[in-house]
Each structure stands twice: as structure tokens, then as C-alpha cells.
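Working notes, beginning with the structure itself.
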4 protein chains.
Amino acid sequence: MALSTRLVSPLRPALAALRRAAPGQRRGLSTQPGPVHTLNLRGIFPPLTTPFSATQEVDYARLEGNLCGYASIPFRGLVVLGSNGEYPYLSLRERLELVSCVRRALPRDRLLLAGSGCESTQATIELTVSMAEAGADVALVVTPCYYRGAMTSAALVQHYTEVADASPIPVVLYSVPANTGLDLPLEAVLTLAQHPNILGIKDSGGDITRMGLMVHKTRQEDFQVLAGSAGFLLASYALGASGGVCALANVLGAALCQLDGLCREGRWQEARDLQHRLIEPNLAVTRRFGIPGLKKAMEWFGYYGGPCRAPLAPLSSPQVEELRGIFSANGWL
Amino acid sequence: MALSTRLVSPLRPALAALRRAAPGQRRGLSTQPGPVHTLNLRGIFPPLTTPFSATQEVDYARLEGNLCGYASIPFRGLVVLGSNGEYPYLSLRERLELVSCVRRALPRDRLLLAGSGCESTQATIELTVSMAEAGADVALVVTPCYYRGAMTSAALVQHYTEVADASPIPVVLYSVPANTGLDLPLEAVLTLAQHPNILGIKDSGGDITRMGLMVHKTRQEDFQVLAGSAGFLLASYALGASGGVCALANVLGAALCQLDGLCREGRWQEARDLQHRLIEPNLAVTRRFGIPGLKKAMEWFGYYGGPCRAPLAPLSSPQVEELRGIFSANGWL
Amino acid sequence: MALSTRLVSPLRPALAALRRAAPGQRRGLSTQPGPVHTLNLRGIFPPLTTPFSATQEVDYARLEGNLCGYASIPFRGLVVLGSNGEYPYLSLRERLELVSCVRRALPRDRLLLAGSGCESTQATIELTVSMAEAGADVALVVTPCYYRGAMTSAALVQHYTEVADASPIPVVLYSVPANTGLDLPLEAVLTLAQHPNILGIKDSGGDITRMGLMVHKTRQEDFQVLAGSAGFLLASYALGASGGVCALANVLGAALCQLDGLCREGRWQEARDLQHRLIEPNLAVTRRFGIPGLKKAMEWFGYYGGPCRAPLAPLSSPQVEELRGIFSANGWL
Amino acid sequence: MALSTRLVSPLRPALAALRRAAPGQRRGLSTQPGPVHTLNLRGIFPPLTTPFSATQEVDYARLEGNLCGYASIPFRGLVVLGSNGEYPYLSLRERLELVSCVRRALPRDRLLLAGSGCESTQATIELTVSMAEAGADVALVVTPCYYRGAMTSAALVQHYTEVADASPIPVVLYSVPANTGLDLPLEAVLTLAQHPNILGIKDSGGDITRMGLMVHKTRQEDFQVLAGSAGFLLASYALGASGGVCALANVLGAALCQLDGLCREGRWQEARDLQHRLIEPNLAVTRRFGIPGLKKAMEWFGYYGGPCRAPLAPLSSPQVEELRGIFSANGWL
């Protein structure tokens, strides 16, 4: 197809090579007929950071090292190419290689969600298809946002419908207003929840009233709501969310899985105490210090953090001290 | 005192009259020495609407009628002159008469919180003192906001400290960014939580992460956090809030007290189901249709709503239909 | 009238006294029949700061001193009780006394604009009437804003129409989103421009496209647009504005009148050079340091500034230095 | 170079082909040593829309047709791949082909500005170099924005400095908060204005005070400020801007060049009348109806508009009527 050739053709050889290197490793999900909604998203998903070497190349060995560290934590799965993965700084080729690499390293029972959102509908479709081919179980599709003034509810419904129609794997909506300046409107979410290939939403906005309403209004739809940050994880669970995609899981994954468990078992008082100790560290590695802070904190817990790509700047020494102090004050260091 | 004379003097005769009309009815709280923090705020507080007659006069008979209806609901207390009370549309004299009227009608075991925030520190102090004299148990002090660019954390700490120092009754901070365009900064809240005469905060912003952090960081302070809206009541309780000041309690007070009870008993699944059914009605009587919608809905549940003062406009017929549909769809009508 | 009695009655004796003290001094404008639109607003109006003594009383002697200093500057008139007058910190009685005081001191050929906007329509009407009685030529009516979510274009048109209908003096609309969080919608302005008793608008938002459009769309209406800040004065004139109400005129009144003159004479290159030197000082006494900065700067130019009422905080020494540096760097000190 | 290979390598063959197809046509600017600041940007630049065929392919014939139509209008130059060019919807290959195509069609005396901003510093450098090779005279570099919380003034100064250091052609900064949610901070602009390879800024924010301040504070730097929209073109010129990059120039190019001329000749009254008639059409093809509206309006004036790529949706019939009415009411149809 002409359109497809236009964008993806430079990537096809690379993709073919990747596929050859990983025979039989792709999940059958994308080619299976039948109800896709059997896929449950209950649990914690770290949105992986992307490790770079000192020369700012993707460092796949470091990535595998981190995955090895995460193997003992009962995550439901992983997210590759979320906002914390610096995906806007990665070429399309790098994005596909990352997904392939993680797919190879990931046990069968862990879900692989891969970010595939682009600004145009066509590019999003093409990247989603490529992600499925590279081994993703689910496509996480961020709202297009550059022309936010034109991104009406109707335009976004149309966009996601076309993507979900064309995608060989289930789609999870992704609303992250801190990055996009755009909240996927509730009415659009409710309409899209009825699409058989749309599985749920990752909502990073933090409006707990909205999250409760999404759970309530989609109760007939088997639609799964994921909290997009650790700061409101317990609250989201209390309102009926299925799980969480939390930057902090790169650092304190076991604690987040423990919080997930306490909530599921109804041990809310213990959950609250744990949640309280997670809020400040979470703010520190998200709003306060961003990805450079997240990567720095990872290093204190045995993972590789490393540099970010420019223009994301490394923390200053006082900032590192402040970050460390926040983890200490809450009993994590 | 000169400053006091300046502003309040026209009100003093009226106040004296009110006091004569209600001998011995004021709670001893404001004049008792000793720890003020014994006052607990656990439970639901409706922020009363102010009933107006057809000629836009305050209708005290209607107010007493509503109070009579609320008497059978296990509210912890009432708020007079919150945002839903149209306080910016009331003269100082009307404000004091309202508090006196409610004080007379309210049983001893119900707390009376009265809004006393003004733009200047001095006027806030004077009105707070007058509110105490008129029988309020607690002063609810909204952030000054007209010069929001100058309302730094330091300026707000200074303002509230002076008010709390001067107030004969405990103070509850009040942050309502939808009206004021200003979020009382977390650091200011944490500093003010250490003041012996500051009891807690009503936070209507809805940022559940912030609410959790306020509970966590003031755990040494016996500081009480009140959810400022019914939409995030369960989530606030899950994070450790003490109670809620919820516009919707004017309409569905019993249901909100039931939700309060379920949360306290740890029956979170039932609480969730109830919370879900309250979100849309709550949005309808707050963000969507405002006080005119709140007053209209009150009428369907046996209370007097009546008109608002201009420029708040009555609902159109289609809006009334939509509002009614929202209460019906959630099983309340 | 019952409504009037409700709010204003405590003020009536004071007002009567003021009128006795200033016999024959009120302009005939408010009681004259005939076309009100003859009143032109071409030129510069300083929005007076309100001088306070060390004990925070209004200092009328200082006010008269400042007026004396301004007498030699060719202002078109003065504004009392604008945002820079700290009107939200003044009692109603103080507001009326201020207007009366300025009226007595002001030559016949200078216009007196007085802020009279309140949150409710009824209170705004009553204060507007009182301002006319106290000698104001024009009422400057800020948008009500506490219930900004309900302040639709329709509600604001209704509000201003009722006020203008009832006002004995012409009305100027006042939109100041930095304080109110609300932009008077363009469509409301265009509707209100047709009211015979609405003379124009003071727009402090700084959106020059909107200002041009207001001039263009009201060209049949004899509607006058006033720039609400010195930073965009030249640009506003270039688009057809009539004049400016500029905080900086309290400090650099002669320079602003000179800029006004250069623009009227079409000497745009000289005007530009002058405008350039005014931008930073203007930002410094508005957005950056607010009224405390404005009052401080007034003192360097021979006027009385003095303290603000709390919670507006005085500048720190480094802030004073920075402020002074900005005036120096632009050649004013 | 490894980094370069990573991203651009798939494009190199295409680029080589383009160069072969257009021998000797690239301007010498990029390879000439010496002062780059001789390049003046005085005048109007239409930010070209990108014509698509019915199958959403770039339609180069239509593009050349439009260029042919623009040849008789005294534009200073053209912008390719600005926001109105739907650049986020174009592959890197398409972007380079577009620049090459326009370069071939454009007379020697017209400047070609090409958008080359990406999210990462490295990708921006690579695309800027490629743009220079494809024939651009100037690189227009939009602020990276996805991680806007981390895009501090320091980070942006670092980003632009690296890009300008590496670029073989002069750089123009590009701040467009309506799309990016980010205003390039004034202090960053002032620092970057000192870089020998940074020529100026296209500012689409519309804050005329800021534009005046940029002109004033860079008066030693030979830094050129371009108005980013037709709505505030006259005001920008009055404050000292050099020219304008205006979406509306795709439609009413001659009128905008006339406005440019009137301002330069000091005929401000005529300029004002013309400016007034341009504001509403400009708002209609930008904020109100966006690129679909711009393309529709182009068709009424003899140019090819055509469809946008999804998710930008075509106008409905009532919207087309409204758009047409706006051009009619202002005397353009």
C-alpha cells in the first residue's frame, strides 16, 4: 500500500531482520480471532526508562540487566515507549528494536505494552502494526496533541477508531495532559470503550473523580482503567481501577506490587500507610525532577539509570541531594 | 480599636440585638481556654445554600424549614457561608444574621462552621470575631485571591497566622481553586498545620495526591483534612481524610452519611458502588449547573431551593430536564 | 426601596454628611438628560493607589498631596478604586469617602472614574448609585468573578445591562483577567457596546488582537476602548484605542502623557522609543512586584506610596534594589 | 558519525537523489563563510500549507501551482514545514522532498525558511543539516515541548545553542504556545539573541508587550522579531518587528504585503483600517477553524487547499458557510 510504503518502508528491512533474530517469539495474540477482552491488565506495569550509553546510544545490555532485575518482581507486564521511555527522542528504528529486545527477554506470562502513538492517524496505524509484528501484546496509544485546538472529541474518536480497527493487537488509550496539554474527553473515552479492540485507558491526569466515573460508566463494557502514576494508585483502586502504569515502579517495583496486593486483599489501612510513603518519592521522580530524577533514583536501587538524551538535562548535585533526601525521609533509603 | 471600629461598627448594634434575641445560646467553645484540637470534624457537613424569597430577600423561615429536614440526618455539623451559600452576594449584616439564625436552630451536638474569609487580613479578623460572637464553632477561612499574583506562600502563611492568632474559635483553612483561581500551596498548609488554633483544611481542589500528602505530612499535628466535594469523598477517606463538606449533602445528605459510614466500617466495595452513583449528580450540582442546579435539585428531595441572586441565572427548561435525568439515571429519582 | 435599604443603609448618613461637606461640587453629568456618549475618554488616567498611614488608615492628606502633584500632568482624568487602589481591602464607607475626597480636589475638567463593581448585580447597582452621588463621572465596573464557571456571556450581559440601566452615570466595563481569572467575552462586549449608557471598556488582558477587533466591531457604536496597562499602550493606540488606564501613570505620568501625545500626532517612531523604555518599569510595578512595588516606585518620583494593607506584603530589600535597577536601566532614575 | 547514521541514514540516498535532480540550485548561503546576520527578514512570509491529493499523498504539482500563484506577490520569502504545513504528519523523507521542491520553484531573491525542530537536540541538528542540504536558507526551529515541565530556560538555551552551533544556515527561534503549550522564556530569547547564528524569532504567542520588550532588549544584537500571526501584525510593526509569518498570507497574501508596506511608509491610519479587516479572517483560519479552514479559504482565492491528513477533520457545511461569511463581512469576498 502506498501510504504504508511512504512511512515505514525504510524500517521494513530492519524489522525483517528483527523477526528473523527472534523466530516464534511473537505472541499469538495478534493473529488470534475471537474476543480480545480476555486480556486482563490487573497489576503493576513499569513504564521502562530507555538506557543510554555515555555516547547516547541505546544500551541494550543495560536494558537486559534491568529486565533481569525486574524478573523477580510480580509485575503484570511492562510498558515500552511510554513517556518515561523518552520515546519522542527515539527514531522509529530504535523504537522497534527496543520492543523486540524486551519481547525476547520477557517471560511468556508478562504482558508487553508498547507505545505507538504518532501525530497522524496513518503513522499511528503503521507504527501500531509494526509494534505488533515486533512482539507487543498491546498498543498504548497516546493522544495526538500538536493541533490540540482541533482535537475535538469527535476527531479523537475518529482517530482511535481507525487505529483500533486496523490494529492486530488490542489498544489501550493513553491520556497524559502534563505532556500533551490535552485531556482525552470523558465522552470520547465512553464512546471508545465500546470498541471491541479497545481494552482500556492509562490515565495520568490524576483526576480521581473522572477515573471513578470512567469505571462506573463503562461497567457494561469490560473496560479497564489504569492509574498513570503511583501518587493516586490506592485511590484509583478504591474507585475500581484495574492496575497501574507507574514511573516509580522502575525504582520501587516491589513496594508498588505490595500496594497492589494490599488493595486487592482489602487491607486498606496497611495500603494507606504504604501509599503515604510513596507519594513524595513519586512526585520527585515525575513532576519535580522528571526522567533525569527517575534514572538517578534507579541507580540507588540496583538498576541502570544513566543519562537522558538532550535537551533533558542531568540533575545538579543539590538536586541529587534533595532527591535522595526525599527517598530517605520516607524510609526507602 | 480603631481598625475594628472602621469596618464592623455599623454591624455592632445588629449583633447586639441578635445576641439579646438568643441569650445563652452561643457555644462556650470560643471563650474556653485549653486545647482547641479536641474538636473533631469526622463526618459530613452540608454547606448550606441560602434561601431567598421571590424578592431576593433572605428567607429565614425557609432556612429553618431546611434545617428541620436535615435534623434527622446524622451530619456532623453544618457550614454556613461557604461558596454554595452565595456569601459574596450577602451583606455583612446578612451574613451575621444567617449564622445567628442557624445557631439558634441547630442542636448542641452539631458543629457550626461559618465562612469568614475576606480579602484583607484585618477584615477577615473582624468578621471572624463577629462570627464567633454570633455563635459559630469554627471559622472557615477562604484564601484571599483578588491579588493572586501576590498571594505567595509566605503572604498566605502570614495572613492565616494573624487570623488564627486573633480568632476566639478554631480556624479551618479553605482552598477552592475553581472559585479563587488559587491553590493554597502545600508548603503553606504544612506550616499552618502547626498553629494551635488551626484545625484543618477544606480542600475542594480534588487533587487526591495532594490530599494524601497533606494527611501524611501532618500526621504529627492532629490536622484534619476535609474533602470539599462529594466526587472524591471515598478516595479522600481512603487516603485518611476526616470528613467532607459537600454541596451534594444539601440534596442527598443521607446517602453521603451512609457513604461516610461504609468507609469508616471498612466496607469499601459497598462504598465504591455508592460513590459511583454519586459522581454524576455531584458534578451536575457543582461544575455543570452550579448553585442554580443545586437549589433546583434540592426541591426534588423535599427542601426549599428557590432563586439565586443575580448574576447567577436560573436553569433553562432543557437544563432542568438534563439535571433531572442525571439524578434518575443514577437511581436517585 | 427594600433592596437598597438592605445594603446601603448604614452608609447613607455618611454619604449625606459627605454631600453637605461638598455642596455643589458634584458634576451635573449624572442628573443631566440627553446623550451621555459625548463624554470622551481620550487620554491617560492613573488608577490611583490608596495611601495608608502607618496604622493602615486611609491617609487623606497624603492622597491630596499626590493629587496636587498630579495636577500639573495633563491627565484626562483619574480612576479611584481600580485594582491598584486596593479596593477589595476597603470598606464601603471608605470607598465612598475616597471618591468624595478626590472629587473635591479634582479640577472640573478632569474626569473622575470610580470603581463600583461588586459580586452581585444588586450590590453593584447600589454602589454605582452611591458613587454617582459621591461625585463620580463614570462608573468603572469590574466583572463579577467568584462564580466564574457560571459567568457565561449571557449572565454577564444581563448583569451589565441591569447596572447600566440603573446607573445615573455612564458605565465603563472592566476586564482584568489577571485578578479575576475571567475575560469578559468579546461577544458580550459587542452586545453591551450598543447600550446607550455603556461608554467603553478598560481591558487589562493585553490581547492586542482582541482590542483591535473590539474597536473594529464597535465602529458604529461610539464605543471607547481603554488600554488597561502601559505595556501595550502604543499598540492599543495603533489599533484605535482611545486612551489608557495605566498603573505606571502613578509614577511616570508625564511620560505616559507624552506617549499619548506622540501617538495622537502620528510620531510613531518617537513613540516607539518611549514605549520601549516603559515596558520593563511597567512590568515591574504590575506583574512582578504588584502594588507594593508601585507604591515604592512612587516615592522615588515625589509621591507618597506608603504601605499596603495585609496580606499584601512589603518588598524585601533585594526586591527594592531590583525594582530601582529596572527604572535606572531604562533611564528614569 | 554514529549518531548521524542512526537517524538520517535512511534519508541519505533520497537526499542524494534530490541533489542530483537539482544541480547547482542550492543557495550558497549555507556554505559561505562570513557574517550571517546580513540576511534580513523584513516582509511577509506565508507558512505554506502542504497540498495532499485525495489519497493523502503530497501533491507536488498542486504545490507548484500555488507557488506559481504566489510568485506575483511581493513576499520576502516562504516558510515550509511550519505548523500550518502539517509537518508533524509528514515523514522525514516527505519533509526533505518538500523543501527541495520549493527550492527549485522559488526565485533566487526569495528566502526559504524550513521548519527543522524535533524533540531531541540531536535529531534537530540532523534535520537542520539536511534542510540546509536540501536548499533551505534559514532553519525555523520550534521549541521541543513534550517534556515541557523539564524545558527550563537553561535547557532551552542549551538546546538552541547546540543546534545553532551545528547548523550550516542561520537559525530562527520559533515559539508557538497554542501548539506547544510552551512559551520560549524571554530570558532565554535574550541570551540566544547573542548567538552569531541565531537570526531572530517567530513569535506566535501574540503578547505584544513581550514582543516590544524583545525588540528593545536586543537592540544591540541585530535580532529580528517576526510576528507569528496576522492578527497582531500592525501592532508588532509599531513595536519594531521586522516582518510576519502569517497563515493568512496563504489566502490574502497581497493584502498582507500591502499592510507591510503601509506600516513601513508610516501610513498608520490606512494600515489600521486594513488591519481591522484582517483580524476576523485571520482568527477564522487559525484558532477557530485551523488548517482545514485555511485550506478551504485558499480555494476561494485561486489556490489549491485540499484535504488535511487525519486526525484533522474537514469542515462541516455550516462551518464552511460561517467561514465564508467572515471573509464576506470583512469585504474580501
Side-chain angles (χ1 to χ4, degrees), chain C residues 178 186-187 190 203-219 225 227-241 246 248 259 262-284 286-288 326 329-331, chain D residues 178 186-187 190 203-219 225 227-241 246 248 259 262-284 286-288 326 329-331:
Chain C
L186 180 65
E187 66 172 290
L190 300 184
D203 193 330
S204 299
D207 178 345
I208 197 68
T209 303
R210 168 181 151 102
M211 297 191 79
L213 197 49
M214 286 194 300
V215 171
H216 179 51
K217 300 282 281 186
T218 62
R219 62 196 183 279
V225 175
S229 193
F232 48 91
L233 187 64
L234 181 153
S236 299
Y237 278 29
L239 268 297
C246 308
L248 190 63
L259 178 54
L262 291 171
C263 292
R264 289 188 198 289
E265 297 166 25
R267 296 157 67 186
W268 293 97
Q269 179 58 52
E270 290 160 89
R272 178 191 303 171
D273 293 343
L274 180 52
Q275 171 70 81
H276 279 174
R277 292 169 55 216
L278 294 168
I279 295 177
E280 282 186 292
N282 182 62
L283 286 172
T286 56
R287 203 185 313 164
R288 180 90 180 80
I326 289 167
N330 285 277
Chain D
L186 180 65
E187 66 172 291
L190 300 184
D203 193 329
S204 300
D207 179 345
I208 197 67
T209 302
R210 170 181 151 101
M211 297 191 78
L213 197 50
M214 287 194 300
V215 172
H216 179 51
K217 300 282 282 186
T218 62
R219 63 195 181 279
V225 175
S229 194
F232 48 90
L233 187 63
L234 181 153
S236 300
Y237 278 28
L239 267 298
C246 307
L248 190 62
L259 177 54
L262 291 171
C263 292
R264 291 189 197 288
E265 296 165 25
R267 296 158 65 188
W268 293 96
Q269 179 59 52
E270 290 160 88
R272 178 192 302 172
D273 292 342
L274 181 52
Q275 171 71 80
H276 280 174
R277 293 169 55 216
L278 294 168
I279 295 178
E280 282 186 292
N282 182 62
L283 287 172
T286 55
R287 204 184 313 164
R288 179 91 180 81
I326 290 168
N330 285 277

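Since we're looking at a predicted model, the values are computed, not measured. Numbers restart at 1 for each chain; the letters A, B, ... are given by sequence-line order, proteins then strands.
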Query raised in the report: Roughly how far apart are C:Ile208 CD1 and D:Ile279 CD1, rounded to 0.5 Å?
Result: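 Atom-to-atom, C:Ile208:CD1 and D:Ile279:CD1 are 8.5 Å apart.
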Query raised in the report: When rounded to the nearest 0.5 angstrom, what is the spacing between CZ in D:Arg219 and NE2 in C:His276?
Result: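 If we round to the nearest 0.5 Å, D:Arg219:CZ and C:His276:NE2 are 9.0 Å apart.
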Report task. Could you go through the side-chain contact (heavy atoms from CB on, under 4.5 Å) check for C:Leu213 and D:Leu283 one step at a time? Result -> CA-CA 10 Å; C:Leu213 197 49; D:Leu283 287 172; 3.7 Å; yes
Query - Partner residues of D:Arg287 under the salt bridge (charged side-chain N to carboxylate O under 4.0 Å, His left out) criterion, sequence neighbours left out - result: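 With neighbours one apart ignored, the set is empty.
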Query - Test salt bridge (charged side-chain N to carboxylate O under 4.0 Å, His left out) applied to D:Arg264 - qualifying residues, sequence neighbours left out - result: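 Result, salt bridge (charged side-chain N to carboxylate O under 4.0 Å, His left out) vs D:Arg264: D:Asp260.
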Query raised in the report: Taking C:Arg210, C:Lys217, C:Met211 one by one, which has the highest count of heavy-atom pairs under 4.5 Å against chain D?
Result: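 Heavy-atom pair counts peak at C:Lys217.
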Query raised in the report: Which residue pairs pass the salt bridge (Lys or Arg N to Asp or Glu O under 4.0 Å) test when at least one of the two sits in residues 268-277 of chain D, sequence neighbours left out?
Result: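 Listed by first then second residue: D:Arg267-D:Glu270.
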Query raised in the report: Which atoms of D:Asn330 come close to chain C, meaning under 4.5 Å heavy atom to heavy atom: side chain ones, backbone ones, both, or neither?
Result: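 For D:Asn330, the side chain is the part near chain C, not the backbone.
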Requested in this report: Anything in residues 230-239 of chain C with a heavy-atom distance to chain D below 4.5 Å? Please list those residues in order.
Outcome: C:Gly231, C:Phe232, C:Leu234, C:Ala235, C:Tyr237, C:Ala238, C:Leu239
